[in-house]
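Order of appearance sets the numbers: ligands from 1, and atoms from 1 within every ligand.
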Amino acid sequence: MVEIRTPIHVNEAIRRVMSYAIAGPKTYVAIEDSLGHYLGEDLIADHDVPAFDRSPYDGFAIRAEDTLDASKGYPIKLEVIGEIGAGDVFEDEVQANKAVRIMTGAQIPNGCDAVIMLEHVELLEHVELLEHDRKTFIQLERRLRTNENITRKGEDTRQGEILVKKGTYINPGVMALLATFGYKQVPVIQKPKVGIISTGSELLTVDAALEPGKIRDSNSYMLLGQIERAGGVPVLLGQFKDDFTLCYNQVADALGKVDILLTTGGVSVGDYDYIPAILDKLKARVLFNKVRMRPGSVTTVAAVEGKLLFGLSGNPSSCYVGFELFTRPIIRTYLQSNHPFMRREIIQLGSAFTRPNPFDRFVRGKLQYEKGQTIAVPVGLDKPNIVTSLAEADILIMLPGGGEVYEKGMEVTAILLEDQTGATMDSFMHGPVNY
Ligand SMILES: Nc1nc2c(c(=O)[nH]1)N[C@H]1C(S)=C(S)[C@@H](COP(=O)(O)OP(=O)(O)OC[C@H]3O[C@@H](n4cnc5c(N)ncnc54)[C@H](O)[C@@H]3O)O[C@H]1N2
Ligand code: MOO
Ligand SMILES: [Mg+2]
């Protein structure tokens, strides 16, 4: 007798998986290696930025009050008493009617409260004076306000501000902040090790020549990319033929080596689909083995020895979708991301789906931009065994199950696969459109 499975709603499946989510520990990486990690502590400004008043231009630091009488046709003259490059400090207090030549980024000398750009002054050299007594003057024909052209201390940020919250994805901008505040070593959340086991006697290695009845294992490498995109460290544990003892031993052994384990294939009701029996023998707690979704309805998730084991479908598109919906938020929660779920947006559907489906559909699609409108365009054939559609997909178009048909131009929800901002569990499950 073929086992009859009871399908559960996608949100219920997510809830069950998330009840086993754990947070990973903190560790440190060199700032050079921090891109793509999740920050392990709040990044708090420990000093003002900038830490001193500085010049935004190459020009002359002056005292605004000395320019009160300047106007078009009525120039005033200031004596240039020195020069400061970025990184240098002018030690003396600047007195009335004096100016200091200053470069962009240099600290404003004491006594000065405005900067005039090089292009806005005329430089006068008094050659009639003796060589050793030569003086330089600038002439300007406009009045400057106090603090004009000065980048004020603390303008960018103030000491004590939380600039980046713990659990934020480290992008190049966050790296700039880490460097600004002297983080040679960056506190990050340790990335989870995610093991991949491919099952199937039909599978060939990537470098093998095709043989009758066989296919190359594409799921392992697809999952490798998905794990990295989610922020985990993929661990390829091999591909195994459909042999119960062999697969059981591999799975049991792998559980000790990784934080999260993924298997692909062998999860349905076929004669050689051994994953359910392996879970049984491992005494794993099966959270679900059928979800009201297409593709990926056979996705099975179990908890064993405190770890989650994701029995993903062998069909490439089903495997892909099962990972994104259930494994990705587990990886992101491990990374202590504040937004472990994928962002969803309401977008216009690019083509019609006129055959109703009782299950919720997650159609591979891509964002297309037309005259200021964003359109969710399905890519490739919408079948679970399809691999080619995955290359173009940057969204999953959600089409809720039931009797409904979907016309071109209707508003639907798209899940953004490449976005790093993410979403909370609540906004993912109950966003603007329910499914
Ligand atoms: N009688 C039933 N048959 C099937 C059902 C069902 O409910 N009743 N469910 C179907 C659905 S839906 C799916 S999805 C698949 C799930 O199959 P399995 O997870 O058991 O996977 P396999 O049988 O091992 O393989 C399915 C398919 O995928 C190919 N495959 C497997 N591994 C890889 C890999 N690493 N790289 C690329 N392609 C892979 C494999 O050759 C098969 O074509 O079951 C349906 N059947
Ligand atoms: O699990 Mo299957 O992918 O629903 O097609
Ligand atoms: Mg099967």
Worksheet item: Is the number of heavy atoms from other residues, nucleotides or ligands within 6.0 Å of CZ (R229) greater than 12?
Response: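 Correct, the count exceeds 12.
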Practice prompt. Flag this pair as yes if the NZ/CZ of K281 is under 6.0 angstrom from the six-membered ring centre of Y248 and inside a 45 degree cone about the axis; otherwise no.
Written response: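 Judged by the rule, K281 and Y248 form a cation-pi pair.
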Fill in: V267 and ligand 1 - part of the residue with a heavy-atom distance under 4.0 Å
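Both backbone and side chain of V267 come within 4.0 Å of ligand 1.
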Practice prompt. Heavy-atom distances under 4.0 Å are what count here, so tell me which part of L203 touches ligand 1: side chain, backbone, both or neither.
Written response: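 The part of L203 near ligand 1 is the side chain, not the backbone.
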For [atom], find the nearest protein heavy atom and state the residue, atom name and distance (0.1 Å precision).
atom: atom 4 (O) of ligand 2; result: S297 OG, 2.7 Å
atom: atom 3 (O) of ligand 2; result: S318 OG, 2.3 Å
atom: atom 5 (O) of ligand 2; result: P384 CG, 2.8 Å

Item to complete: Classify the angle between the aromatic ring planes of H47 and F181 as parallel (below 30°), tilted (30 to 60°) or perpendicular (above 60°).
Response: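 The arrangement is tilted - the two ring planes meet at 30° to 60°.
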Any N/O pair [X]/ligand 2 closer than 3.5 Å:
X: V298; result: yes
X: R294; result: yes
X: G296; result: yes

Practice prompt. Would you indicate which of R294, K290, R5 comes nearest to atom 7 (O) of ligand 1 when only heavy atoms are counted?
Written response: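 Answer by nearest heavy atom: K290.
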Worksheet item: So which of G314, S318, S220 gets nearest to atom 32 (N) of ligand 1, if we judge by its closest heavy atom?
Response: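 Nearest option to atom 32 (N) of ligand 1, by heavy atoms: G314.
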Fill in: Close side-chain approach of T199 and K241, heavy atoms under 4.5 Å
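No, side chains not in contact.
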Worksheet item: So do the side chains of N338 and K165 get within less than 4.5 Å of each other, counting heavy atoms only?
Response: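 Side-chain contact under 4.5 Å: yes.
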Discussion item. Looking only at distances, can you tell me whether any N or O atom of N315, backbone or side chain, sits closer than 3.5 Å to an N or O atom of ligand 1?
Written reply: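 N315 vs ligand 1: N/O contact under 3.5 Å present.
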Practice prompt. Return a yes/no value for S218: is any of its N or O atoms, backbone included, closer than 3.5 angstrom to an N or O of ligand 1?
Written response: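 Right, the criterion is met.
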Check ligand 1 against [X] and write out every atom of the ligand that is under 4.0 Å from a heavy-atom position of the residue.
X: S198; result: 35 (N)
X: D217; result: 34 (C), 35 (N), 36 (N)
X: G266; result: 18 (P), 19 (O), 20 (O), 21 (O), 22 (P), 24 (O)
X: V269; result: 1 (N), 2 (C), 8 (N)

Worksheet item: Hey, is the main chain of L390 close enough, under 3.5 Å, to the side chain of R364 for a donor-acceptor pair?
Response: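 No; judged by distance alone, with no hydrogens or angles, the pair does not exist.
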Discussion item. Donor-acceptor pair, distance only, cut-off 3.5 Å: does the side chain of D48 make one with the backbone of P50?
Written reply: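 Between the backbone of P50 and the side chain of D48 there is no qualifying donor-acceptor contact (under 3.5 Å).
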Discussion item. Tell me if the aromatic rings of F353 and Y406 count as close, with their centers under 6.0 Å from one another.
Written reply: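 F353 vs Y406: aromatic centres not under 6.0 Å.
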Worksheet entry | Identified ring pair (Phe, Tyr, Trp, His ring centres under 6.0 Å) counterpart of F288 within the set F310, F326, Y20 |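 Result: among F310, F326, Y20, F326 is the only option passing the ring pair (Phe, Tyr, Trp, His ring centres under 6.0 Å) with F288.
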Fill in: Atom pair NZ/NZ of K257 and K307 - distance to nearest 0.5 Å
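With rounding to 0.5 Å, NZ (K257) is 11.5 Å from NZ (K307).
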Discussion item. So for S297, does at least one of its heavy atoms come nearer than 4.0 angstrom to any atom of ligand 1?
Written reply: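 Yes, that is the case, since the closest heavy atom of the residue is under 4.0 Å from the ligand.
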